[in-house]
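Below is one structure, written out as structure tokens; the observations come after it.
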Amino acid sequence: MTSCDMLLLRFGEITVKGKNRSRFEKAALSHVKSLLRPYPAAKVIHEFGRIYVELNGEPAENIIDALKNVFGVTSISPVKVVPSELEAIVAGAIEFVSAICPGPEATTFKVSARRVWKPFAHGSQEMNKLVGGPVLKASPHLKVDVHHPELELHVEIRERRTYLYSKVIPAAGGFPLGTNGKAMLLLSGGIDSPVAGWSAMRRGLEIECVHFHSYPFTSKMAEEKVIDLAKVLSRYSGQIKLHLIPFTEIQTVLAGTGQDNLIITLMRRAMLRIASMLAERNGALALVTGDSLGQVASQTLASMNVIGRVTELPLLRPLVMSDKEEIIGQAKRIGTYDLSILPYEDCCTLFVPKSPSTNPNLHIVERIEASLAGLTGMLEAAVEGTETLVIKPHEPVQRKAGDEAEIKEDWF
Ligand code: ATP
Ligand code: MG
């Protein structure tokens, strides 16, 4: 990528969002700037509908890898910049093409010029020929194919400068981080919930993670695993909060009811009630889980129905219609898979019944809960006992009692 001096970042569907557009673009711009901190010479320029990153000698490939994770950006092109003068454009095009496609194997090729700056002396069609001819002469292994070329050289003529590019590298897409509000992610140590969290972030949600542990029955290793998973998620958001909730006492009481086949239903409902309280405290308007329809007994439609009725908040299940293989593929791509398959126990695996109900009865479940006089108080106590960590991708974890851990608003 020697011939590239700038990156062009494009926005996708956010451009159709009318008056919200500038707010959305600003959020993506801040995200880009935060990821460029390790590259001080790189300069960011925001233009309506686009972001340019002038590399000024910083490494293109590393920066592309980082910026591919900016939500709201759909694609990135490495660009060569030349003055908007015919000779400079032709010379630049010859150099650009020979750098990315040196031959000798035959390659099909086409020029797609676009005269954005109308005072430029030559029109788009004319420029295709004025650039294409000399490029073909300089690189005889190229062969013109205007329909399905392997190499399409874009020539975008603007007032001050002309941009030459061919590659269009797909990026994360979605909406810029935090532009669609905040939700609490129920983060277990499994494969699904980190993927659900990433999907929610990609849709513009700010996420705070909630994890239930049964320490000392679950180990510190299991907790470390969840912290590490949250750390991977923080790479996509700059930082993330993780609320650790003591769940041992509640689980013990629920198990004490002797309702073996309903225990998972009861535990999930307790988790949702606690997560809803934390949502209220933290200004979140939804809960996100890693549920996928039919995957396990607690994720049948009947189970989801009975479990979900315990909260009034919208329950977002990004993976509900995904197959496990698709979820695993995504977990690998976002970097959570290898952590998720570490064999540490989750609080729920401690109480796995022989035959969990796939069709729980809401009235029976509510009756059991009503018979547990201290349950609501215990849920509130669990909220009070929350430990909140602020997790950043490259820094040691800050631990604080309560859920008051500071999160800097200006992290971007
Ligand atoms: P995952 O791979 O995300 O753990 P799973 O297939 O193992 O999912 P379950 O164990 O049934 O499914 O959990 C369903 C969802 O409930 C999880 O995706 C997660 O959102 C939430 N959940 C389960 N256990 C916990 C926990 N200990 N803390 C927080 N959330 C949890
Ligand atoms: Mg699980």
Side-chain angles (χ1 to χ4, degrees), residues 183-200 207-215 217-219 221-227 229-230 232-233 240-248 250-251 254 263-279 286-304 306-308 310-311 313 315-320 322-328 330-332 334 336-353 356-358 360 379 382-383 386-387 389:
M184 308 304 273
L185 166 70
L186 280 84
L187 180 64
S188 70
I191 294 170
D192 305 325
S193 46
V195 176
W198 181 86
S199 307
I207 288 296
E208 291 191 16
C209 306
V210 181
H211 176 71
F212 298 89
H213 65 83
S214 294
Y215 189 72
F217 299 114
T218 51
S219 64
M221 300 293 276
E223 186 179 291
E224 281 305 316
K225 172 180 168 180
V226 172
I227 293 173
L229 282 169
V232 175
L233 291 180
I240 206 160
K241 267 190 187 180
L242 170 61
H243 304 281
L244 296 169
I245 319 288
F247 205 53
T248 319
I250 294 167
Q251 264 187 314
L254 295 176
I263 183 83
I264 299 283
T265 312
L266 292 164
M267 284 193 315
R268 289 273 179 271
R269 282 171 59 94
M271 286 181 179
L272 291 186
R273 285 176 73 182
I274 292 171
S276 303
M277 289 187 229
L278 282 167
L287 307 180
V288 178
T289 74
D291 292 329
S292 174
L293 186 59
Q295 200 185 82
V296 289
S298 59
Q299 297 172 27
T300 61
L301 197 56
S303 283
M304 283 193 199
V306 170
I307 293 168
V310 80
T311 180
L313 289 177
L315 260 173
L316 307 181
R317 300 174 169 109
L319 312 180
V320 73
S322 300
D323 287 355
K324 194 73 188 183
E325 285 309 313
E326 293 165 351
I327 301 171
I328 288 174
Q330 191 58 13
K332 286 181 178 165
I334 65 171
T336 52
Y337 182 74
D338 291 339
L339 286 167
S340 289
I341 57 172
L342 293 174
Y344 305 121
E345 70 291 350
D346 184 52
C347 67
C348 303
T349 52
L350 298 176
F351 292 87
V352 175
S357 173
T358 53
L379 299 175
V383 172
T386 300
E387 185 190 10
L389 315 180

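As the structure lists them, so they are numbered: ligands from 1, and atoms in each ligand from 1. Nothing here was measured: the structure is a model prediction, and the numbers come from that model. Note that the numbering runs from 1 along the sequence shown for the chain. Only this structure's heavy atoms are used, side chains among them; waters, hydrogens and symmetry mates stay out.
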Heavy-atom nearest option to atom 14 (C) of ligand 1, drawn from Asp291, Val195, Ile327 | Asp291
Give a yes or no on whether Leu301 atom CG has more than 12 heavy-atom contacts from other residues, nucleotides or ligands under 6.0 Å away.
-> no
Under 4.0 Å from one or more heavy atoms of Ser193, ligand 1 contributes atoms 1 (P), 3 (O), 18 (O), 19 (C), 20 (O)
Thr289: numbered ligand 1 atoms lying under 4.0 Å from its heavy atoms = 20 (O)
Should you measure from each heavy atom of Gln295, which atoms of ligand 1 turn up under 4.0 Å away?
-> 5 (P), 6 (O)
Between Lys324 and ligand 1, is there a nitrogen or oxygen pair with a distance under 3.5 Å?
-> no
Can you tell me if Ser214 uses its side chain to pair, donor with acceptor, with the backbone of Phe217 under 3.5 Å?
-> no
Using distance alone, decide if ligand 1 has a nitrogen or oxygen within less than 3.5 Å of any nitrogen or oxygen in Met271.
-> no
Evaluate the ring planes of His213 and Tyr215, with Trp represented by its six-membered ring, and classify them as parallel (under 30°), tilted (30 to 60°) or perpendicular (over 60°).
-> perpendicular
Does the side chain of Leu272 come within less than 4.5 Å of Leu287's, by heavy atoms?
-> yes
With Leu185, which of Leu233, Leu316, Ile240 fulfils side-chain contact (heavy atoms from CB on, under 4.5 Å)?
-> Leu233
Side chain proximity check, Tyr337 to Val195, heavy atoms < 4.5 angstrom | no
Answer yes or no: does an N/O atom from Arg268 fall short of 3.5 Å to an N/O atom of ligand 1?
-> yes
State whether the shortest distance between N or O atoms of Val296 and N or O atoms of ligand 1 falls below 3.5 angstrom.
-> no
Looking at ligand 1, does His213 have a heavy atom less than 4.0 Å from it?
-> no
Atoms in ligand 1 with a heavy atom of Gln299 nearer than 4.0 Å | 6 (O), 9 (P), 11 (O), 12 (O), 13 (O), 14 (C)
Compute the shortest N/O to N/O distance between Phe212 and ligand 1 and return yes if it is under 3.5 Å, no if not.
-> yes
Pick, from Gly197, Pro194, Ser188, the option with the minimum heavy-atom distance to atom 22 (N) of ligand 1.
-> Ser188
Just let me know how Leu185 lines up against ligand 1, side chain, backbone, both or neither, with a heavy-atom cut-off below 4.0 Å.
-> neither
Without swapping roles, check the side chain of Ser303 against the backbone of Gln299 for a donor-acceptor pair under 3.5 Å.
-> no
Of all the atoms in ligand 1, which lie at a distance below 4.0 Å from a heavy atom belonging to Val210?
-> 29 (C)
Identify, with sequence neighbours excluded, every residue that meets salt bridge (charged side-chain N to carboxylate O under 4.0 Å, His left out) alongside Lys332.
-> none
Of all the atoms in ligand 1, which lie at a distance below 4.0 Å from a heavy atom belonging to Gly190?
-> 1 (P), 2 (O), 4 (O)
Would you mind running through ligand 1 and noting each atom that sits below 4.0 Å from a heavy atom of Ile191?
-> 2 (O)
Check: Ser193 side chain, Ser188 main-chain N or O, donor-acceptor pair, under 3.5 Å = yes
Is there a donor in the side chain of Glu387 and an acceptor in the side chain of His243, or the other way round, less than 3.5 Å apart?
-> no
Contacts of type side chain to side chain donor-acceptor pair (under 3.5 Å), residue Thr289, not counting sequence neighbours = Asp291
Near Ser298, which atoms of ligand 1 are under 4.0 Å from a heavy atom of that residue?
-> 11 (O)
Taking both backbone and side-chain atoms of Gly290, is any N or O found less than 3.5 Å from an N or O belonging to ligand 1?
-> yes
